[in-house]
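Here's the structure, in structure tokens; my notes come after.
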Amino acid sequence: MPVIQLPDGSKRRFDNTVTGAEIAADISTSLARDAVAIRVGGELWDLSRSIEDDVAIEIVTRDSEDGLELLRHDAAHVLAEAVKELWPDTQVTIGPAIENGFYYDFARDEPFTEDDLEVITKRMLEIVERDEEIKREVWVRDDAIKLFRDMGEEFKARIIEDIPADETLTLYRQGDFVDLCRGPHLPSTGKLGRAFRLMRVSGAYWRGDAKNQMLQRIYGTAWATPKQLKAYLHRLEEAEKRDHRVLGRVMDLFHFQEEAPGAVFWHPKGWSLFQNLVEYMRQRQNEAGYLEVNTPELMDVSLWEASGHLETFGDNMFTTQTEDGRIYAIKPMNCPGHVQLFKQGITSYRDLPYRLAEFGKVHRYEPSGALHGMLRVRAFTQDDAHIFCTPEQITDETIAVCQLILGIYRDFGFEDVVIKYADRPKVRVGDDAVWDQAEAALKAALDSSGLDYIHNPGEGAFYGPKLEFVLRDAIGRDWQCGTHQVDLNLPERLGATYIGADGQKHTPVLLHRAIFGSLERFIAILLEHHAGKLPLWLSPTQAKVLTITSDADDYALDVVSQLRNAGISADADLRNEKISYKVREHSVAKVPVLMAVGRREIDEKTVALRRLGSKHQKVLALSDAILELSEEIRDRGQAA
RNA sequence: GCCGGUAUAGCUCAGCUGGUAGAGCAGGGGUUUUGUAAACCUCAGGUCGGGAGUUCGAAUCUCUCUGCCGGCACCA
């Protein structure tokens, strides 16, 4: 005779054991309709599972976060059922719910085609229509293995074999389809509804390991209501419009071409944007006590052997051989070069910390399949810096770097930043004792900074543990940009020393840090974050002066020169076109400020100023316009 | 690197089951002097990504290489 407590504190008494479905029905018919599971303690239970004890429960509805996950997981099962009905020889493997949807991995020789997806969708809708009951069954491990092996489901059998022998297994059966699954599930396939869509098919390795067989993964999205599905598809379309590869073309910033895979051809406007970022960073770094340097792109492989790069990073390095037989590597990182600079000049502890910065262009041979616009390239520019310091200085320097990074991200409008602490990876150089020391130092510094962080095990650099700075953009995507690493290995390998206060030789600690990470990547992120509408201070062309009639040509040129004198990048558009035509063209190209000038403006020494994204313009004195824009540029769009 | 898709004019795309290419925009020339997201007329522009094959004949079918796209793996 269980007493069930609901989230509002009310209690219901039942005479016999009761199921979640019965409780929901007892409350209201609409709840009975929308319920998909119940939460008992921390666990989700099937609606059909009977409750014997007094417990507090929560009814999970289809549009809640948990409910959606269930729905998506169910969609994966219905997908698998449909595929098994259509192609019985296909083997099923796994099919979880993921963000916004689900997937299922199948083993099948024939590839799935676009047309197949339509056929599968149709079958899935039929299965929903059939409203098959989804039944939970508890099985003994060995019986389950036999069941799947007899069905020819080798992959499933292997999954079960890896489950500890004493663990009870649950299978879920719907129609003729049975799948190993932890559950819970919806009570019947009809509850899935029709708000799902198969999106694409792709390859995926069995158990996520590139050494294994490749399976075929079908991705789908699923929602509680058709309206939500539509909204999601709309969001995808919007995200596509933000694609930096598209914006790069319409804004005339850069391009790629076949002869240089993974390398950017910067157009004048794009390069101007690039230089704006460099100038900004240069100023911030100068203020923070960094010294800017430049080191060779090409250095003999012996240096890279000594640093350990060739051994641990060699697969990613470009090399070239000259006529004299020497082999040079094109630098994939700037650190060895900076150590050479340190070795040239620094001899005393009095010079530490010694902070070297370089806008270093590095080349890395990334796997062809990894390339993606400017977000993943083979040639990129790092805002790299190396801080040589004593062990005692690690904490202060680390805190200073964290503050610098967070402050800079704020200037770009990124407030939401996650810090990850990544420790030793499998492939690394140096003794464990040195790693113990480096990890402890970084962690202690981070702890004393008072910043929140999460642990990212095994993801450090090959020479030391690191902090990763992940920022979240306007549409909720995460990007890793900044990094800060403690390195006790490279300075020693490359023979860097200084004389301490004790008169003895010491090896300096090397802190590696980057803030944008890659300028190319950061620009791509900025473009997508702002959907191309860059803040005024960053825009390559800040203002365009448009003539309404050719009578205004002289005045327009005068306006442009006054703007330029005030440090505002401006151009005139004197073409024989209608003003609407010019407004449209420059709006499409995302020019932030348009100034139209005609006869009235000539007479009154004014401009008709229109902001990107606005349908309105205001007429103001040229001098006032210049003042307004100058202030906005100076404050980087953030009113003091 | 792996799986799948894809490559036609500067850009976006059309071209059915093989009969050697078409539109819009951009560009050139002209008309128009224009008041806030596309004025009008006209001209030019492509060995259909590269190579090989099948065929009387290939943008179209096959193979292969390269790039790109979506994932996976890698990386950050």
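Letters go in sequence order (proteins before strands), and every chain restarts at 1.
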Sub-6.0 Å ring centroid separation between A:His267 and A:His255
yes

Donor-acceptor contact present, side-chain A:Ser569 to main-chain A:Pro540, <3.5 Å:
yes

At under 4.0 Å between heavy atoms, how does the protein contact nucleotides 59-64 of chain B? Give one character per nucleotide, 5' to 3', with B, S or -.
------

Ring-face cation contact, A:Phe112 with A:Arg108, 6.0 Å cut, 45° max
yes

Mark yes or no: A:Arg217 above the aromatic ring of A:Tyr103, with NZ or CZ under 6.0 Å from the six-membered ring centre and no more than 45 degrees from the axis.
yes

Counting only heavy atoms from other residues, nucleotides and ligands, does the tally under 6.0 Å from CG of A:Asp452 exceed 12?
no

Would you give a per-nucleotide map of nucleotides 38-49 of chain B, 5' to 3', where B means the base has a protein non-hydrogen atom under 4.0 Å away, S means only the sugar-phosphate does, and - means neither?
BB----------

Assign A:Gln213 to base, sugar-phosphate, or nothing according to its heavy-atom contacts below 4.0 angstrom with the strands shown.
nothing

Which residue lies toward the 5' end of RNA chain B, A:Thr549 or A:Leu215, if each is placed at its nearest nucleotide?
A:Leu215

Residue of the set A:His484, A:Met281, A:Gln382 for which side chain to side chain contact (heavy atoms under 4.5 Å, CB included) holds with A:Ile515
A:Met281

So is A:Arg197 actually on top of A:Trp223's ring, under 6.0 Å and inside 45° of the axis?
no

B:G45 versus B:G4 - spacing of their C1' atoms, nearest Å
35 Å

Is the count of non-hydrogen atoms from other residues, nucleotides or ligands lying under 6.0 Å from A:Asp603 atom CG greater than 12?
yes

For RNA chain B, write out the stems as range with range, using runs of 3 or more consecutive Watson-Crick or G-U pairs with both distances under 3.5 Å.
B:1-7 with B:66-72, B:10-13 with B:22-25, B:27-31 with B:39-43, B:49-53 with B:61-65

Which whole number of Å gives the distance between the P atom of B:G28 and that of B:C69?
30 Å

Can the positive tip of A:Arg472 be found less than 6.0 Å from the middle of the six-membered ring of A:Trp479, inside 45° of the ring normal?
no

Might you confirm whether atom CD of A:Glu358 has over 12 heavy atoms from other residues, nucleotides or ligands at distances under 6.0 Å?
yes

Could you check whether A:Arg378 makes a cation-pi contact with A:Phe318, meaning its NZ or CZ is under 6.0 Å from the centre of the six-membered ring and within 45° of the ring axis?
no

Without placing hydrogens or testing angles, list every side-chain donor-acceptor pair under 3.5 Å for residues 584-600 of chain A, not counting sequence neighbours.
{"residue": "A:Glu585", "atom": "OE2", "partner": "A:Arg575", "partner atom": "NH1", "Å": "3.3"}
{"residue": "A:Glu585", "atom": "OE2", "partner": "A:Arg575", "partner atom": "NH2", "Å": "2.8"}
{"residue": "A:His586", "atom": "NE2", "partner": "A:Asp573", "partner atom": "OD2", "Å": "2.7"}
{"residue": "A:Ser587", "atom": "OG", "partner": "A:Val583", "partner atom": "O", "Å": "2.6"}
{"residue": "A:Arg599", "atom": "NE", "partner": "A:Asp551", "partner atom": "OD2", "Å": "2.9"}
{"residue": "A:Arg599", "atom": "NH2", "partner": "A:Asp551", "partner atom": "OD2", "Å": "2.7"}

Whole Å only: how far is the CG atom of A:Leu198 from the P atom of B:G5?
17 Å

What do you reckon, is CG of A:Asp109 surrounded by more than 12 foreign heavy atoms closer than 6.0 Å?
no

Parallel, tilted or perpendicular: which describes the rings of A:Tyr421 and A:His455, with under 30° parallel and over 60° perpendicular?
parallel

If you draw the axis of the six-membered ring of A:Tyr232, does the NZ or CZ of A:Arg235 fall within 45° of it and under 6.0 Å from the ring centre?
no

Between the protein and nucleotides 12-15 of chain B, list the N/O to N/O atom pairs that are separated by less than 3.5 angstrom.
{"residue": "B:U12", "atom": "OP1", "partner": "A:Arg249", "partner atom": "NH2", "Å": "3.2"}

With sugar-phosphate taken as primed atoms, P, OP1 and OP2 and all else as base, the protein-contact string of nucleotides 68-76 of chain B at under 4.0 Å (heavy atoms; B, S, -) is SSBBBBBBS

Expressed as a whole number of angstroms, how long is the span from A:Asn212:CG to B:C3:P?
15 Å

